[in-house]
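Below, chain A is the first sequence line, B the second, and so on; all start at residue 1.
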Amino acid sequence: MPELPEVETIVRNLKENLGGKIIRAVKINSSRSLNVPPAVFKKKISRAKIVQIRRVGKYIIIHLIKGKVFYLVVHLRMSGQFIIAAGLKEKVRIGFYLKNCWLNFLDARNFARIWLVNDWKKTPAGRIGPDALKITRKEFLERFSIFARRFPQKMVKVLLLEQEFISGIGNIYAAEILFLSRINPKRKIGSLTSIEQKNIFLAMKKILRKAIARRGTSFDYAYRDTRGRPGDFQRYLNVYGRAQEQCRRCGRNLVSEKIAGRTTVWCRRCQN
DNA sequence: ACAGCGTCCTGCAGGC
DNA sequence: TGCCTGCAGGACGCTG
């Protein structure tokens, strides 16, 4: 499931391979994810030049130019993939031909969304909070205080998943951040001390940076980089996917519970 | 106003 | 071995 480190890895790959290239042709096998009719999409994007590729939270923003500047905004959700290959892949939903390669957009579960727009800030990508990787400690703590004052009863795990608070964190990294900062995921944000808030910030930075260095987490088939390779961070997961297994810190069995509809694993002894 | 659940969707794991 | 059921989750919409 692409979260910030996975999207960052994909964006870095796309930048290296697609920057400055022209989209020569588009093949649409499934238009479910598009915000415009397939014919419109094809017409607008054909012969456009890719001038910039960047990440905003979990969104990929591709800056295009054809007379004027416009944008392709992509959210991969659960299973969206971009695979660069010599040809079209078997289950490709949308193929972009770029002179000597195809950019294959695949999405097993059909959850991904693609917007073709003149102003990317008018898509959901323009309505999210500061990026988890870029936010400063000061800004994080200020923002935490605002949310803690407004929603003191909200569980900290839920806050970390809210893209309006900070963007980029999903279920895997939220669980890992709370383990490293030794906070119980069910703690109410109004009860967290400034030291605990600071520890969450530090754990967040540490984990996101390491996960990017390991090219993301491939827990299952869902996430692959643009060459179809899995990430490596699953080797370093302390809690996600480890329910009933032993805590790497204290040896106690990890517990699992649904929090806000999402499976959450933590250590009852280490996380208070 | 806010919390919490259902929905979308399909691959895969586990049970019998 | 093969079928069936249920689980996985990001974001949004609906409900109470």
Side-chain angles (χ1 to χ4, degrees), chain A residues 1-8 10-11 29-35 55-61 73-83 89-94 105-115 117 120 122-129 131-132 146-178 185-191 208 211 216-224 228 230-231 233-234 237 239-245 254 256-266:
Chain A
M1 301 103 234
E3 302 180 29
L4 188 153
E6 292 76 34
V7 179
E8 179 68 20
I10 291 165
V11 165
N29 292 332
S30 158
S31 59
R32 268 195 65 103
S33 56
L34 302 177
N35 72 325
R55 181 185 61 74
V56 171
K58 300 177 199 169
Y59 292 85
I60 299 168
I61 311 219
V73 179
V74 182
H75 195 307
L76 298 170
R77 296 272 184 104
M78 313 300 297
S79 60
Q81 294 180 354
F82 275 125
I83 307 286
K89 304 287 282 185
E90 190 184 328
K91 290 180 178 171
V92 63
R93 292 185 183 273
I94 302 177
F105 168 70
L106 298 98
D107 183 19
R109 289 161 77 175
N110 259 325
F111 282 166
R113 287 291 170 268
I114 299 178
W115 296 263
V117 288
W120 69 264
K122 285 185 181 153
T123 69
R127 295 189 279 272
I128 58 178
D131 194 273
I146 293 167
F147 277 73
R149 220 175 300 130
R150 242 182 104 184
F151 315 103
Q153 296 303 308
K154 192 185 284 286
M155 287 183 272
V156 62
K157 165 83 185 307
V158 174
L159 181 72
L160 290 178
L161 292 177
E162 273 178 18
Q163 305 302 299
E164 297 76 21
F165 169 54
I166 47 169
S167 56
I169 296 170
N171 204 37
I172 295 175
Y173 295 105
E176 296 300 315
I177 289 165
L178 291 169
K186 293 169 100 169
R187 282 283 297 283
K188 306 282 198 277
I189 60 175
S191 78
L208 293 179
T217 303
S218 289
F219 191 75
D220 56 20
Y221 70 95
Y223 165 67
R224 294 293 182 271
F233 192 71
Q234 59 277 12
L237 295 175
V239 283
Y240 183 86
R242 298 192 65 243
Q244 315 309 325
E245 291 177 41
L254 299 171
S256 172
E257 209 175 297
K258 290 246 183 205
I259 296 178
R262 298 287 166 256
T263 304
T264 308
V265 185
W266 75 97

Next on the checklist: Can you build the contact string for nucleotides 11-16 of chain C? Use B for base contact, S for sugar-phosphate-only contact, and - for no protein heavy atom under 4.0 Å.
Outcome noted: BS----
Checklist entry - Looking across every strand, which nucleic acid part, if any, lies under 4.0 Å from A:Thr263 by heavy atom: base, sugar-phosphate, or nothing? => result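 Since only primed, P, OP1 and OP2 atoms lie under 4.0 Å of A:Thr263, the category is sugar-phosphate.
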Next on the checklist: Over all strands shown, is A:Phe151 touching base, sugar-phosphate only, or nothing at heavy-atom distances under 4.0 angstrom?
Outcome noted: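 Sugar-phosphate only.
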Checklist entry - Given B:dC2, B:dC8, B:dT10, which nucleotide is nearest the side-chain atoms of A:Arg150? => result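 Closest of the options to the side chain of A:Arg150: B:dC2.
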Would you mind reading off the distance between [X] atom [atom1] and [N] atom [atom2], rounded to a whole angstrom?
{"X": "A:Arg113", "N": "B:dC9", "atom1": "CZ", "atom2": "P", "result": "8 Å"}
{"X": "A:Asp107", "N": "B:dT10", "atom1": "CG", "atom2": "P", "result": "9 Å"}
{"X": "A:Glu162", "N": "B:dG4", "atom1": "CD", "atom2": "P", "result": "11 Å"}
{"X": "A:Phe111", "N": "B:dG6", "atom1": "CZ", "atom2": "C1'", "result": "12 Å"}
{"X": "A:Glu3", "N": "C:dA8", "atom1": "CD", "atom2": "C1'", "result": "13 Å"}
{"X": "A:Lys157", "N": "B:dA3", "atom1": "NZ", "atom2": "C1'", "result": "16 Å"}
{"X": "A:Met155", "N": "B:dC2", "atom1": "CE", "atom2": "P", "result": "16 Å"}
{"X": "A:Arg149", "N": "B:dA1", "atom1": "CZ", "atom2": "C1'", "result": "18 Å"}

For the student: nearest non-hydrogen atoms of [X] and [Y], plus distance:
{"X": "A:Pro185", "Y": "A:Ile259", "result": "CB-CD1, 3.9 Å"}
{"X": "A:Ser79", "Y": "A:Ala108", "result": "OG-N, 3.5 Å"}
{"X": "A:Gly168", "Y": "A:Gln163", "result": "N-OE1, 2.8 Å"}
{"X": "A:Asn110", "Y": "A:Ser30", "result": "OD1-OG, 4.3 Å"}

Per-pair distances, 0.1 Å, donor-acceptor, side chain in residues 151-161 of chain A, under 3.5 Å, sequence neighbours excluded:
{"unit_1": "A:Lys154", "atom_1": "NZ", "unit_2": "A:Glu162", "atom_2": "OE2", "d": "2.6"}
{"unit_1": "A:Lys157", "atom_1": "NZ", "unit_2": "A:Asn171", "atom_2": "OD1", "d": "2.8"}
{"unit_1": "A:Lys157", "atom_1": "NZ", "unit_2": "A:Thr264", "atom_2": "OG1", "d": "2.6"}

Checklist entry - Which residues pass the side-chain contact (heavy atoms from CB on, under 4.5 Å) test with A:Ala175, sequence neighbours left out? => result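 A:Ala175: side-chain contact (heavy atoms from CB on, under 4.5 Å) contacts with A:Val239.
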Counting just side-chain N and O atoms, does [X] come under 4.0 Å of either OP1 or OP2 of [N]?
{"X": "A:Lys154", "N": "B:dC2", "value": "no"}
{"X": "A:Asn110", "N": "B:dC8", "value": "no"}
{"X": "A:Lys258", "N": "C:dA8", "value": "yes"}

Checklist entry - Please walk me through it: do A:Arg77 and A:Asp107 pass salt bridge (charged side-chain N to carboxylate O under 4.0 Å, His left out)? => result CA-CA 9 Å; A:Arg77 296 272 184 104; A:Asp107 183 19; over 6 Å; no
Checklist entry - Heavy-atom distance under 4.5 Å between the side chains of A:Thr123 and A:Ile61, does that happen here? => result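 No, their side chains stay 4.5 Å or more apart.
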Item to check | Residue list, ring-ring contact (aromatic ring centres under 6.0 Å, His included) with A:Phe219, at least two apart or on another chain | outcome: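 Expected list: A:Tyr240.
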Item to check | ring-ring contact (aromatic ring centres under 6.0 Å, His included) involving A:Tyr223 - partner list, sequence neighbours excluded | outcome: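 None.
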Between the protein and nucleotides 11-15 of chain B, list every N/O to N/O distance that falls short of 3.5 Å.
{"unit_1": "B:dG11", "atom_1": "O4'", "unit_2": "A:Tyr221", "atom_2": "OH", "d": "3.3"}

Next on the checklist: Both A:Arg93 and A:Ala260 contact DNA chain B. Taking the nearest nucleotide for each, which residue is further toward the 5' end?
Outcome noted: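 Looking at the nearest nucleotide for each, A:Ala260 comes out on the 5' side.
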